[in-house]
Amino acid sequence: METICATGIRVSEVPYITLEAAQAGKAEIALKGKIRTILLPSRLCRKLLTFAKKNKTASGEIFLTRSGKGLSRKQIWLEMKQLCGMANVESRKVFPHNLRHLFARCFYHVCRDVAQLADILGHSSIDTTRIYLISTGSEHVKTLERLHPIL
């Protein structure tokens with residue numbers, strides 16, 4: 001979950017998080033006919049390398065099942081449901097893609113550049129990226145209140 005939150009990768013891209021990627025600080029992802037580079041923050045790299053060492057991963061994918069196979073999207077989803085259940089989060093609200101949306105909103109909050117966010121997320125269209133940033137009516141009201149505190 002932390003890796004998805006820290007990078008904004010799709011759950012289908014988790015297998016590209018390898019020991020070699022953690023050592024290099026970036027992962028090369030080839031999906032949907034495109035190749036893109038995912039930058040891995042140094043703090044995340046340290047955690048991934050520690051995790052790999054603890055699990056005696058000498059190379060390749062970092063996130064593996066007990067039998068040594070890569071985690072499937074279903075396994076990731078089920079583990080998220082279990083973890084969130086322990087945290088009393090409604091399971092109907094728990095999906096790996098929500099973490100990608102969380103990353104997008106946090107990244108945009110810091111950089112305020114939708115084109116840069118689209119690049120990070122691997123979107124070819126800014127319109128696709130904008131979907132991640134749509135505000136609710138209540139957020140609009142809060143913004144208006146900050147703009148007009150005197151009224």
Atom CD of E2 with >12 non-hydrogen neighbours under 6.0 angstrom: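 Not buried by this count: 12 neighbours or fewer within 6.0 Å.
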Transitive ILVMFWY side-chain link F95 to I131, under 4.5 Å: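 Result: no, two separate clusters.
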Shared hydrophobic cluster, V114 / L102 (ILVMFWY, side-chain heavy atoms < 4.5 Å):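 Unlinked, V114 and L102 end up in two clusters.
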Any donor-acceptor pair under 3.5 Å from E20 side chain to G60 backbone: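 A pair under 3.5 Å: yes.
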Give, for atom [atom1] of [X] and atom [atom2] of [Y], the distance between the pair rounded to the nearest 0.5 Å.
X    : Y    : atom1 : atom2 : result
L117 : Y108 : CG    : OH    : 9.0 Å
L78  : S91  : CG    : OG    : 11.0 Å
I76  : L71  : CD1   : CG    : 5.0 Å
C5   : R100 : SG    : CZ    : 12.0 Å

Name every donor-acceptor pair, under 3.5 Å, that has one atom in a side chain of residues 49-58 and the other anywhere in the protein, sequence neighbours excluded.
unit_1 : atom_1 : unit_2 : atom_2 : d
T50    : OG1    : R46    : O      : 2.9
N55    : ND2    : F51    : O      : 2.9

Shortest non-hydrogen contact from [X] toward [Y]:
X    : Y    : value
R36  : I120 : NH1-O, 2.8 Å
I35  : A30  : CG1-CB, 4.0 Å
L121 : G8   : CD2-O, 3.9 Å
A6   : L44  : CB-CD2, 3.9 Å
A21  : L40  : O-CD1, 3.5 Å
T65  : G70  : CG2-O, 4.2 Å

Is there side-chain contact between [X] and [Y], with heavy atoms separated by less than 4.5 Å?
X   : Y   : result
I62 : Y16 : no
L99 : M80 : yes
I17 : I9  : yes
T3  : V14 : no
T7  : L39 : no

Exercise: do T18 and E61 side chains pair donor with acceptor under 3.5 Å: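 There is no such pair (donor and acceptor under 3.5 Å, judged by atom type) between the side chains of T18 and E61.
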ILVMFWY cluster membership beyond L64 - transitive side-chain contacts under 4.5 angstrom: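 Under the 4.5 Å side-chain rule, L64 groups with nothing.
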All pairs passing side-chain hydrogen bond (donor to acceptor under 3.5 Å, both in side chains) where residues 69-80 contributes a residue, at least two apart: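 Checked against side-chain hydrogen bond (donor to acceptor under 3.5 Å, both in side chains) - neighbours excluded - the pairs reaching residues 69-80 are S72-Q75.
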Where at least one partner belongs to residues 110-120, residue pairs that pass salt bridge (charged side-chain N to carboxylate O under 4.0 Å, His left out), sequence neighbours excluded: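 Residue pairs passing salt bridge (charged side-chain N to carboxylate O under 4.0 Å, His left out), neighbours aside: none found.
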Salt bridge (Lys or Arg N to Asp or Glu O under 4.0 Å) partners of K26, counting only residues at least two apart: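 With neighbours one apart ignored, the set is empty.
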Residue list, side chain to side chain contact (heavy atoms under 4.5 Å, CB included) with L83, at least two apart or on another chain: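 So L83 forms a side chain to side chain contact (heavy atoms under 4.5 Å, CB included) with M1, M86.
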